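Here the structure comes first, spelled out in structure tokens, and everything after it is commentary.
Keep in mind that this is a model prediction, so the values were computed, not measured.
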Amino acid sequence: QLQLVESGGGLVQPGGSLRLSCAASGSGFTLNRLAIGWFRQAPGKEREGISCISSSGGYTQIADSAKGRFTISRDNAKNTVYLQMSSLKPEDTGVYYCASRPYYCLGNLYPESFGSWGQGTQVTVSS
């Protein structure tokens, strides 16, 4: 079955950049039939939707808090979806997760509409 693994997190200074990867593996799935979302959870806070990309890559969605700073992309040949983060702020700190749903983003970035979650990767933005 589908497995998602996030990587690329780490410690960066404010204003820095980081690229996260979401790698898919396993049997019984076709990545080009899956929309992939990115979410983050800061300590003591609810999980927050950050971005989504449709199965074809033809539609992308970015939360207002990340718009203009984050970019989502996918390379289905590599079974990987990316989140490029720039101009990072301390409030971007948290555990970042990727998750899948069939074909389409819904436009609301609600975590409840996604399944097959990865284990998360820690991003810390601090001086």
Side-chain angles (χ1 to χ4, degrees):
Q1 297 297 330
L2 174 64
Q3 299 176 27
L4 300 177
V5 178
E6 303 92 338
S7 63
L11 174 64
V12 297
Q13 294 183 327
S17 298
L18 207 59
R19 188 179 76 163
L20 306 183
S21 298
C22 175
S25 63
S27 62
F29 80 96
T30 303
L31 187 62
N32 64 10
R33 297 180 182 178
L34 297 175
I36 299 293
W38 282 99
F39 305 82
R40 72 180 172 211
Q41 188 163 19
K45 296 184 178 180
E46 294 289 316
R47 193 166 298 184
E48 173 189 17
I50 300 299
S51 188
C52 184
I53 186 166
S54 65
S55 60
S56 69
Y59 174 83
T60 61
Q61 182 179 0
I62 302 290
D64 288 342
S65 63
K67 196 165 295 182
R69 301 186 299 120
F70 292 8
T71 301
I72 190 169
S73 62
R74 67 190 298 155
D75 186 343
N76 287 350
K78 296 181 179 179
N79 282 338
T80 302
V81 173
Y82 304 98
L83 184 68
Q84 178 66 52
M85 307 186 296
S86 300
S87 301
L88 284 163
K89 306 173 181 179
E91 51 263 44
D92 293 319
T93 294
V95 178
Y96 282 69
Y97 301 88
C98 63
S100 69
R101 70 175 318 281
Y103 292 103
Y104 313 114
C105 303
L106 297 180
N108 53 35
L109 293 174
Y110 290 169
E112 292 79 8
S113 68
F114 289 77
S116 298
W117 291 82
Q119 85 293 340
T121 185
Q122 176 71 43
V123 172
T124 303
V125 184
S126 176
S127 299

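Of all non-hydrogen atoms in Ile50 and Ala66, the two that sit nearest each other are CG2-CB, 4.2 Å. The shortest non-hydrogen separation linking Cys52 to Ala35 is SG-CB, 4.3 Å. For the pair Phe39 and Tyr110, the tightest heavy-atom approach, listed with the atom from each and the gap, is CE2-C, 4.2 Å. Between Leu34 and Arg74, the closest heavy-atom pair is O-NH1, 2.9 Å. Contact detail for Ser17 and Ser87: the closest heavy-atom pair is OG-N, 4.4 Å. For Ala99 against Phe114, the heavy-atom pair with the smallest separation is O-CD2, 3.6 Å.
Put simply, the side chain of Ser73 does not reach to within 4.5 Å of the side chain of Val81, judged on heavy atoms. Contact of the Ser51 side chain with the Gln61 side chain is not registered, since no non-hydrogen atoms from C-beta on lie closer than 4.5 Å. By the 4.5 Å heavy-atom criterion applied to side chains, Val123 and Leu20 are counted as neighbours. Residues Gln122 and Tyr96 have side chains not in contact (no heavy-atom distance under 4.5 Å, counting atoms from C-beta outward). Contact check for Ile72 versus Tyr82: no side-chain heavy atoms found under the 4.5 Å cut-off. Side-chain contact between Gln13 and Ser127 is absent, with no heavy-atom pair separated by less than 4.5 Å.
In this structure, the side chain of Ser116 does not engage the main chain of Leu2 through any donor-acceptor pair within 3.5 Å. At least one donor-acceptor pair under 3.5 Å links the side chain of Glu6 to the backbone N or O of Cys98. Remark: the backbone N or O of Gln84 is not paired with any side-chain donor or acceptor of Arg19 at under 3.5 angstrom. Of the possible donor and acceptor atoms, one in the side chain of Arg101 sits under 3.5 Å from a partner among the backbone N and O of Ser113. When atom types are taken as modelled, the side chain of Thr60 and the backbone of Ile53 share no donor-acceptor pair closer than 3.5 angstrom. Remark: the backbone N or O of Gly58 is paired with a side-chain donor or acceptor of Ser56 at under 3.5 angstrom. At least one donor-acceptor pair closer than 3.5 Å links the side chain of Thr80 to the backbone N or O of Lys78.
Linking Ile, Leu, Val, Met, Phe, Trp and Tyr residues whenever their side-chain heavy atoms come within less than 4.5 Å places Leu88 and Ile62 in a single cluster. There is no path of hydrophobic side-chain contacts, each under 4.5 Å, that joins Val95 to Val12.
With values rounded to the nearest 0.5 angstrom, Glu48 atom CD is found 10.5 Å from Gln41 atom CD. Distance CG/Asn32 to OG/Ser55: 7.0 Å, rounded to 0.5 Å. The CG atom of Asn76 lies 10.0 Å from the OG1 atom of Thr30; values are rounded to the nearest 0.5 Å. Interatomic distance, Arg40 CZ to Glu46 CD, rounded to the nearest 0.5 Å: 14.0 Å. To the nearest 0.5 Å, atoms CD1 (Ile36) and CG (Leu31) are separated by 6.0 Å.
Contact check on Lys89 versus Asp92 returns no salt bridge, with no Lys/Arg side-chain nitrogen under 4.0 Å from an Asp/Glu carboxylate oxygen.
A distance of 6.0 Å or more separates the ring centres of Tyr59 and Tyr104.
Each of Thr93, Val125, Thr124, Leu18 was checked for a side chain to side chain contact (heavy atoms under 4.5 Å, CB included) with Leu11, and the lone residue meeting it is Thr124.
Between Tyr97 and Trp117, the ring planes lie perpendicular to each other; the angle is over 60°, past the 30° to 60° tilted range.
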